[in-house]
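Letters A, B, ... mirror the listed sequences (proteins, then strands); counts begin at 1. Treat the numbers as computed from the prediction; the structure is a model and nothing was measured.
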Amino acid sequence: MSVILMQLFNGISLGSILLLVALGLAITFGQMNIINMAHGEFIMIGAYTTYVLQQVFQQQFPDAFGTYFLLAIPVAFLVAAFIGLLMEKTIVKFLYERPSDSLLATWGVSLILQQTARSIFGAPNVAVAAPEWLNGGLSLAGMTFPYKRLFILGLVLLSVLFLFIYLYRTNSGRRMKAVTMNREMASCLGVSTRKVDSTAFAIGSGLAGIAGCSLTLLGSIGPTLGTAYIVDAFMIVVLGGVGKLKGTILAGVMLGIFSTFVEFSTSATIAKMIVFAVIILFLQWKPTGFAGVRVRALD
Amino acid sequence: MIKKYRQGAYYGIFFLFLSVAPFFLTDFRAGLLAKFLCYGIIAVGISLLWGYTGILSLGHGVFFGLGAYCMAMYLKLEASPSGIPDFMEWNGITELPFIWTMFKNPVFAIAAAVLVPSLIAAFIGYVTFKNRIKGVFFSIISQAVVVVTVTLFIGAQQITGGTSGLTNFFTVFQVPLTDSGTKTILYYVTVFTLFLIMALSFGLTKTRFGKILIAIRDGENRLRFLGYNPTGYKVFIYALSAAFAGLAGVLFVLQVGIISPEMMGIIPSVEMVLWAAIGGRFSILGAAAGAILTNSAKSYLSESYPEFWTIFLGALFLVVVLYLPNGLAGLVEKVKLRFAKKEKKEEVKHAGDSLVS
Amino acid sequence: MLSVSDLKAGYHETMILQNVHINVPEGKIVGLLGRNGVGKTTLLKVIMGLLPTKQGTVSFKGTKWEKERPEHRAGMGIAYVPQGREIFSDLSVKENLLLGKEALPKSQRSKNIPEEIFKWFPVLKEMIGRKGGDLSGGQQQQLAIARALISNPRLLLLDEPMEGIQPSVVQLIQNVLVKISKEKGISILLVEHKLDVILSCAEEFYILDKGRMVATGRCDEINAEDLHSHLAV
Amino acid sequence: MQEILSCRNVMVDFSGFKALQGVNLDVKKGEILFLIGPNGAGKTTLLDVICKKTKLTAGTVLFDGKISLEKLPEYKIVHEGVVRKFQAPSIFIHLTPFENLEIAMKQKKGLFSILLAKMSRLEKEKIDSLLNKIGLFDVRNETASSLSHGQKQWLEIGMQLIQEPKLLLLDEPIAGMSGLERTKTGELMQEISQICTVLVVEHDMDFVRKYSTRVIVMHEGKVLSEGTMQEIQENEEVKNVYLGRSG
Amino acid sequence: ETATEGTESASKAAVSDGDSVKVGILHSLSGTMAISEVSLRDAEQMAIDEINADGGVLGKQIEPVIEDGASDWPTYAEKARKLLQEDKVATIFGGWTSASRKAMLPVVEQNKGLLWYPVQYEGMEASPNIFYTGATTNQQIVPAVDWLLENEGIKFFLIGSDYVFPRTANQIINAQLKAKGGKAVAEEYTPMGHTDYNTVISKIKSSKPDVIFNTLNGDSNVAFFKQLKDAGITAEDIPVLSVSVAEEEIRGIGTDVLEGHYAAWNYYQTTDTPENKSFVDNYKKKYGEDRVTADPIEAAYTAVYLWKAAVEKAGSFEVDKVKAAAGGIEFKAPSGVVKVDGENQHIYKTVRIGQVQGDGQFKEVWNSGEAVKPDPYLKTYDWASGLKK
Ligand SMILES: Nc1ncnc2c1ncn2[C@@H]1O[C@H](COP(=O)(O)OP(=O)(O)OP(=O)(O)O)[C@@H](O)[C@H]1O
Ligand SMILES: Nc1ncnc2c1ncn2[C@@H]1O[C@H](COP(=O)(O)OP(=O)(O)OP(=O)(O)O)[C@@H](O)[C@H]1O
Ligand SMILES: NC(N)=O
Ligand SMILES: [Mg+2]
Ligand SMILES: [Mg+2]
């Protein structure tokens, strides 16, 4: 029983991590139709930002070290968002009408960012130490729920909430959806498409930064950090039904729980195969994802 | 008419260049070029599938890999005097697994190298396209297929060689692979294969079938209401491009001497799309040339700047995609138009002229 | 309000419009006639800023427009109902309407839709929560007009706005157009194939043919010869 | 006259919204039947059901007295001779008008037939003459994306005609057409009604008046009334919901 | 041109012209393996610089030709071929993963070239054209298992990345445990680059092993150890012995996470030899105080010196002569004295088991005393006879 509960928690936790990684894509890809292959590198940027901040705190404010991580979250967001903004202004803005080209161009960006990180921080992994208060876990009925995982879970909930409000409750979110759907018409109505584009892309990249920051708690921080997550992230956004935030959330959590349970009864390798095979089957059944809908237009 | 000749001339120059190239290259460079020609074959298939039909496959590495593995199994058996490949022995296997036994026959191996990818593509294509899975949803499925296949090949290392893949071959049809005579023959076989594939593909695009492909890209639902069932067409073109990739795999393994699961992973699969994009996905010749040029650039850059070549390569992708939306072929078109315009100046269209009057 | 002179424009290398001029005075409805493919839509796109001018000027309220982007022009008080509706199909009717307010200053972008709109287009009230793309053709067209009206424009560009709308509503819209141009002093440039619509609401007309303005005048003085030679009716 | 199409109790439910609520309607061979009705009455939806773009929730659509169209996939419905023009022009913008017609043309449309297809002189003449008829001969080799709205409408009409349909479904065919083109379309319709049946959705009453043999009015997903244009115009209810008082 | 690929053996043409000799350095400088391999390039470069400063080899300066294997095996094959055929290098130093070595193997054999491979590996191989300066199984895994059986317990949990080295290693471990009364309670593999170890940890918890034998490679180690600690499993509860976690990896994982766990290697930065002192000093001076040395780095560094010694003994850069001369050569490496086994071209190495300390360094808790003779096919171990040769 407790094993099942524990695995359920592990599944939700994995799901929340996958979701966090995919949230930024839910905007840049789901809403803006940019297949951003450099998304993983924005995650990396978030992780390295956390690392740098840690170094600064260790050297300058060793007494306040416990708080650095809380600061790292917004800073990672801002740094990634800023680099995202630069990328939007110089590259992405030429690609809105050609999504498959966006895949190729951002692939180039990803190569560049990886090597740049390698040149700046060196090829080997660096370590980020979690603040003391995130160590250990909550013991309940003979099970341990690591604080880090609980913290990430909370962070994901917050991010989702933020995104939800932004997309569905603000003018800015509505403008963004309008611009994606019909750029020309949106501009004819007075929407500043350039501003909307940059804002949206920056937010998407910033979310990747947050993901990177959280991932430092769990895994390695190196130039290729993002590559491990990129395929899963796309998978989730598509599985949820491109552009449907609710679907993305559902897809992330389901995928997490499902692969955790399959892995428990088989092995990680087999689980990976089964999970992806199931994704293929699932799409046969729901060709436009969890929350995808049929549209009236012909094509 | 002139247009037709011009196309012919481009093809002529291209193949003339390929035919004489070995005379000006060292063995090593000629070997590289041969490898790039294999990539060219893949790119042609991608041009048909993506450029013409609008189906973006991010999983062609799998088909290439399957073709390559089929050929490699034959070569590996030829290189295993004990009858059992070395890596199987390390894994404690004492009897050749059944699927391997069939690959003792080279004809079977080569046939399988083309048929296995196209049948798998046909199957995946059939269920996916029948269920009207399109666009990114298809691309993601093709990527999932990559993950499943690569994981399978790595996981089943007793029969696949695992991460290391298959390598260390000596002979093909009892002829040493490393003979320079063998190499030369293989090179020209590859050039000829590329020629056949390009001619076939070019021909296809000029037929009514080719127009249906474009119609599928523009709007396959509309096509349904004209009485076509796009499923069969999409399956066919997907399987055809998979067959091309499989064939490329055969020639690749013969000349490069190694195949590993890496080569069918996500990265090579995306790169394959890049080759076509850089050359010009709407042009058969462009795609083939794109594969050759992109990989030449990659080799050149990585040799000259082993530390930073990925930055330069990334920048190259970026520039080409941003400024040449139709790739190098598009650039050629543009230049041609520039010249034509000089003669014609600005055209003033008498709008409405052509209407019912 | 709007004045275009000596305009040359088109797509890429192909010039569609040649020496086009047109004047839309304040508070007047001006009809633009012309056969298929003569460049009416092209002209509206140039005015809206969706296509660049090759030569000539477009000026609005006395200021000359150069390269202002469409959103800027919308902000200055132009609203556009394009041919083909261009509804945001995944957004609800309400969201589509709210987007019409984007051209307004921030303070006026409240979240409610003026009752007036629903009075004119009752069907939109019924459909308020439905996705724009699910609406029927005529409903979408009504939505497109409502979306344009909601921004309180000074100049309204209408590209065949009555297409697909049922006769009773066409009547109504005609009345609304006349009313708002009278009462609010809104200028309207109306592209329309149906002569009776132009005659019943516009005061002036222009006829475009082969990319040139070939005739203009007051609607009550429109002459049969022009109509025949340029519109073939 | 014999029915070429009969809809029996056709219902369509869009997740709760009943767009069609039991439509019964017959189309007779050789007629030009106009379908009119307020915006949102369900006219387009009915055409969608006939050509299987939308699945019906209940009811049946019988073609030629024997074929239940709702059981066939879209392309087979076309093979039966039921051809549809959509409300918004839907042509292939990267092909030329000529090529658009070439692939639309009545022919075997299976993969292998198309792979082996070669343009015969007869086919070419057929396409050329149709291009002349729809006024696109001069632009036949330009990509269709550069056509104006009206030209695209014509091209699509051409693509329907060249399929030699038995039943032609037209959704607002004259939308966006100028006066002359409207007349041309009407005449074309009359011409083809010699060989095929036409079911037209239209809001232009002058046009309906001029070319209809019969009119059916739909309202709120049901058939409200039917008859000649004359009869319809006098119907109080139709005036109320559709025509308006003054028109 | 006739016969085999580049019969004009690379070595012959390579040498004599000018006053320099080219050698190839072939590691992954990009891609996922770069995190490990870049340091090997650095170590080899350092050795070359030292030798050049010292007058070179046979009076010639060494001129390294650096190529990027890009974490992709066919690329290794291509670059190895390029180094041998185009640059005509006298030897290649390169590789990390066994897959990269397997890819280069036919190329060096067919081109009659030479490759120095500096990483511990799974054994079962002895190519005449490769020198192996990392440990083979009897110099790392086998003694580690013995030590664990003696000191930590008999129930082993085997966790590894899914590729040839861990799988082969675990076959050996299974055979060894069986023969010596131990038991593998589970054997788990995760794909390369796997990042979520929660489920594996659940399995560890439910199978209650005495010790975890870890053959994970690269990045995965970081995730594994961090998450193990979060799950509340400490080195006191269940110690982990790793064979691919060295000082370099500790830096990326975090000392706090690893403290108390074990590793089996032939060298640690703390290894107490005079050679090591200056080696570590020089390395840090050259590449930065924050850099650390580690076993593969030392093995890569040593490889260059062993090649130099063999060349000097042979008096020639020719591959055949160098190979013939190599047997028995000794070198005072940072890890102690190593000796080339002329038969299998591996080297004698001292085995050391270390425990991670609070400062991120290892404390040696056991060593083999003397350098152990390499036995890549485990011919001298009875229990290994069931394993394939
Ligand atoms: N995107 C485009 N690229 C190139 N040419 C175009 C493009 N759009 C329209 N044209 C051409 O410009 C001319 C004018 O088109 P426009 O759409 O302005 O006509 P229109 O007067 O609005 O006709 P309609 O009444 O049919 O809408 C047409 O001949 C058309 O072929
Ligand atoms: N996918 C859908 N989801 C929800 N409602 C829909 C959907 N498709 C159509 N409707 C609704 O069904 C009704 C009928 O639409 P339909 O397009 O058939 O009307 P129509 O008679 O063609 O109108 P028009 O004359 O304006 O073209 C409309 O109220 C429309 O909003
Ligand atoms: N040889 C290894 N560690 O792959
Ligand atoms: Mg128009
Ligand atoms: Mg309709």
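- For D:Gln107, the part lying under 4.5 angstrom from a heavy atom of chain B is the side chain only.
- For the pair B:Leu223/D:Phe92, a side-chain contact is recorded, criterion being any heavy-atom separation below 4.5 Å from C-beta on.
- Across D:Val83, D:Ile77, D:Ile93, the residue that shares the most heavy-atom pairs under 4.5 angstrom with chain B is D:Ile93.
- We find the OH-OG1 distance between B:Tyr238 and B:Thr231 to be 14.5 Å, quoted to the nearest 0.5 Å.
- Salt bridge absent: D:Lys184 and D:Glu181 never bring a charged side-chain N and a carboxylate O closer than 4.0 Å.
- Summarising the geometry, atom NE2 belonging to D:His79 is positioned 13.0 Å from atom CD1 belonging to D:Ile67; distances are rounded to the nearest 0.5 Å.
- Scanning residues 274-287 of chain B against chain D with a 4.5 Å heavy-atom cutoff picks out nothing at all.
- With a threshold of 4.5 angstrom between heavy atoms, D:Lys118 approaches chain B through N, CA, C or O but not through any side-chain atom.
- Here the side chains of D:Ile162 and D:Lys126 are in contact, with some heavy-atom distance below 4.5 Å.
- Among the candidates B:Tyr233, B:Phe236, B:Tyr228, the residue making the largest number of heavy-atom pairs closer than 4.5 Å to chain D is B:Tyr228.
- The residues D:Lys124 and D:Glu102 are annotated as not salt-bridged, no charged nitrogen and carboxylate oxygen being separated by less than 4.0 angstrom.
- Only the side chain of D:Gln163 comes within contact range of chain B, with heavy atoms under 4.5 Å apart.
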Kindly list each side-chain donor-acceptor pair under 3.5 angstrom involving residues 243-250 of chain B, sequence neighbours excluded, with atom names and distances?
none

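- Neither the backbone nor the side chain of D:Leu116 has a heavy atom closer than 4.5 Å to any heavy atom of chain B.
- Within the cation-pi definition used here (under 6.0 Å to the ring centroid, within 45° of the axis), D:Arg140 qualifies as a partner of D:Phe137.
- Ranked by heavy-atom pairs under 4.5 Å with chain B, the first of D:Val82, D:Asn100, D:Ile91 is D:Ile91.
- The OG1 atom of B:Thr207 sits 9.0 Å away from the CD1 atom of D:Ile114 when rounded to the nearest 0.5 Å.
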